Amino acid sequence: MSSGISHRKDVEFLEDCNPPPVERNTDEVERNADEFRRLHDMLVSVDPSAERAEKHTQWRSEGGQHYEVRLTEGRKLIAQLAEDYDKASGALRGYAFALESPRPSTPTARPTNRLSRN
(Lines give C-alpha, C1' and ligand atoms only; values in the text may rest on other atoms or scores of the structure.)
Protein backbone atom coordinates (compact mmCIF):
# COMPACT_ATOMS: atom_id res chain seq x y z
CA MET A 1 0.00 0.00 0.00
CA SER A 2 1.37 3.41 -0.92
CA SER A 3 1.63 6.15 1.64
CA GLY A 4 0.98 8.77 -1.05
CA ILE A 5 4.52 10.12 -0.82
CA SER A 6 6.62 10.05 -3.97
CA HIS A 7 10.28 9.39 -3.51
CA ARG A 8 12.85 10.87 -5.80
CA LYS A 9 13.79 7.51 -7.28
CA ASP A 10 10.15 6.93 -8.22
CA VAL A 11 10.02 10.03 -10.43
CA GLU A 12 13.67 10.34 -11.37
CA PHE A 13 12.92 9.33 -14.96
CA LEU A 14 11.00 12.61 -15.41
CA GLU A 15 14.26 14.60 -15.43
CA ASP A 16 15.18 13.16 -18.81
CA CYS A 17 11.74 13.44 -20.37
CA ASN A 18 11.42 15.88 -23.19
CA PRO A 19 7.91 16.10 -24.66
CA PRO A 20 7.71 16.14 -28.44
CA PRO A 21 7.45 19.64 -29.87
CA VAL A 22 4.01 20.96 -30.75
CA GLU A 23 3.34 21.09 -34.44
CA ARG A 24 3.77 24.78 -35.19
CA ASN A 25 1.52 24.92 -38.23
CA THR A 26 -0.13 28.25 -37.48
CA ASP A 27 -1.56 28.46 -41.00
CA GLU A 28 -3.65 25.34 -40.38
CA VAL A 29 -4.80 26.63 -37.00
CA GLU A 30 -5.78 29.96 -38.60
CA ARG A 31 -7.69 28.16 -41.37
CA ASN A 32 -9.65 26.25 -38.74
CA ALA A 33 -10.35 29.50 -36.88
CA ASP A 34 -11.58 31.05 -40.15
CA GLU A 35 -13.86 28.07 -40.78
CA PHE A 36 -15.31 28.32 -37.27
CA ARG A 37 -15.87 32.05 -37.83
CA ARG A 38 -17.62 31.27 -41.14
CA LEU A 39 -19.91 28.78 -39.40
CA HIS A 40 -20.64 31.31 -36.64
CA ASP A 41 -21.55 33.97 -39.21
CA MET A 42 -23.75 31.54 -41.13
CA LEU A 43 -25.63 30.54 -37.97
CA VAL A 44 -26.11 34.19 -36.96
CA SER A 45 -27.45 35.00 -40.43
CA VAL A 46 -30.13 32.30 -40.06
CA ASP A 47 -31.50 33.79 -36.83
CA PRO A 48 -33.80 36.44 -38.38
CA SER A 49 -35.54 33.80 -40.49
CA ALA A 50 -35.77 31.44 -37.52
CA GLU A 51 -37.22 34.25 -35.40
CA ARG A 52 -39.85 35.04 -38.05
CA ALA A 53 -40.78 31.37 -38.24
CA GLU A 54 -41.01 31.11 -34.45
CA LYS A 55 -42.89 34.32 -33.73
CA HIS A 56 -44.97 35.00 -36.84
CA THR A 57 -46.10 31.59 -38.01
CA GLN A 58 -49.57 30.53 -36.96
CA TRP A 59 -49.70 26.77 -36.99
CA ARG A 60 -53.18 25.37 -36.59
CA SER A 61 -53.36 21.64 -36.17
CA GLU A 62 -53.04 18.93 -33.58
CA GLY A 63 -49.27 19.28 -33.75
CA GLY A 64 -49.23 23.07 -33.46
CA GLN A 65 -47.84 23.22 -29.95
CA HIS A 66 -45.19 20.65 -30.78
CA TYR A 67 -44.21 22.71 -33.84
CA GLU A 68 -43.88 25.89 -31.76
CA VAL A 69 -41.81 24.14 -29.10
CA ARG A 70 -39.49 22.71 -31.76
CA LEU A 71 -39.04 26.13 -33.40
CA THR A 72 -38.09 27.65 -30.03
CA GLU A 73 -35.67 24.80 -29.36
CA GLY A 74 -34.21 25.21 -32.84
CA ARG A 75 -33.58 28.91 -32.33
CA LYS A 76 -31.90 28.28 -28.99
CA LEU A 77 -29.74 25.60 -30.56
CA ILE A 78 -28.70 27.93 -33.39
CA ALA A 79 -27.77 30.64 -30.88
CA GLN A 80 -25.78 28.22 -28.73
CA LEU A 81 -23.93 26.78 -31.70
CA ALA A 82 -23.10 30.27 -32.98
CA GLU A 83 -21.76 31.26 -29.56
CA ASP A 84 -19.68 28.09 -29.27
CA TYR A 85 -18.20 28.47 -32.77
CA ASP A 86 -17.32 32.06 -31.89
CA LYS A 87 -15.54 30.91 -28.72
CA ALA A 88 -13.73 28.14 -30.60
CA SER A 89 -12.60 30.55 -33.29
CA GLY A 90 -11.22 32.95 -30.70
CA ALA A 91 -9.49 30.14 -28.84
CA LEU A 92 -7.83 28.92 -32.03
CA ARG A 93 -6.65 32.42 -32.87
CA GLY A 94 -5.18 32.72 -29.38
CA TYR A 95 -3.52 29.33 -29.82
CA ALA A 96 -2.04 30.37 -33.19
CA PHE A 97 -0.69 33.54 -31.58
CA ALA A 98 0.81 31.52 -28.73
CA LEU A 99 2.48 29.17 -31.21
CA GLU A 100 4.14 32.12 -32.93
CA SER A 101 5.31 33.65 -29.66
CA PRO A 102 8.78 32.73 -28.51
CA ARG A 103 8.94 30.18 -25.75
CA PRO A 104 10.31 31.51 -22.50
CA SER A 105 13.50 29.83 -21.44
CA THR A 106 13.26 28.61 -17.90
CA PRO A 107 15.89 26.69 -16.06
CA THR A 108 15.07 23.12 -15.28
CA ALA A 109 13.89 22.85 -11.71
CA ARG A 110 15.89 20.51 -9.53
CA PRO A 111 14.43 19.09 -6.35
CA THR A 112 16.13 19.84 -3.10
CA ASN A 113 16.63 17.53 -0.18
CA ARG A 114 15.33 20.07 2.32
CA LEU A 115 12.11 19.28 4.08
CA SER A 116 9.95 22.08 5.34
CA ARG A 117 8.70 21.59 8.85
CA ASN A 118 5.72 23.47 10.16
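On a predicted model such as this, the values are computed, not experimentally measured, just so you know.
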Contacts of type ring pair (Phe, Tyr, Trp, His ring centres under 6.0 Å), residue Phe97, not counting sequence neighbours: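 Testing Phe97 for ring pair (Phe, Tyr, Trp, His ring centres under 6.0 Å), a comparison that skips the adjacent residues, returns none.
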Counterpart residues, side chain to side chain donor-acceptor pair (under 3.5 Å), relative to [X] (two or more places apart):
| X | value |
| --- | --- |
| Thr72 | Glu54 |
| Arg60 | none |
| Asn32 | none |
| Glu100 | Thr26 |

Straight-line distance of [X] [atom1] to [Y] [atom2], nearest 0.5 Å:
| X | Y | atom1 | atom2 | value |
| --- | --- | --- | --- | --- |
| Arg70 | Leu77 | CZ | CG | 9.5 Å |
| Ser89 | Asp84 | OG | CG | 12.5 Å |
| Leu99 | Glu28 | CG | CD | 12.0 Å |
| Leu71 | Lys76 | CG | NZ | 12.5 Å |
| Met42 | Leu81 | CE | CG | 9.5 Å |
| His40 | Glu83 | NE2 | CD | 8.5 Å |

4.5 Å side-chain heavy-atom contact, Thr57 and Tyr67: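 SC-SC contact between Thr57 and Tyr67 confirmed.
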Sub-4.5 Å side-chain heavy-atom contact between Glu68 and Gln58: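 Glu68 does not reach Gln58 side chain to side chain.
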Grab the two heavy atoms, one from [X] and one from [Y], that are nearest each other, plus how far apart they are.
| X | Y | value |
| --- | --- | --- |
| Phe36 | Tyr85 | O-CB, 3.6 Å |
| Ile78 | Ala50 | CD1-CB, 4.3 Å |
| Ala82 | Val44 | CB-CG2, 4.0 Å |

Test: Arg31 and Glu35 ion pair at under 4.0 Å: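 Salt bridge absent between Arg31 and Glu35.
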Asp34: salt bridge (Lys or Arg N to Asp or Glu O under 4.0 Å) partners, not counting sequence neighbours: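 Partners of Asp34 under the salt bridge (Lys or Arg N to Asp or Glu O under 4.0 Å) test: Arg93.
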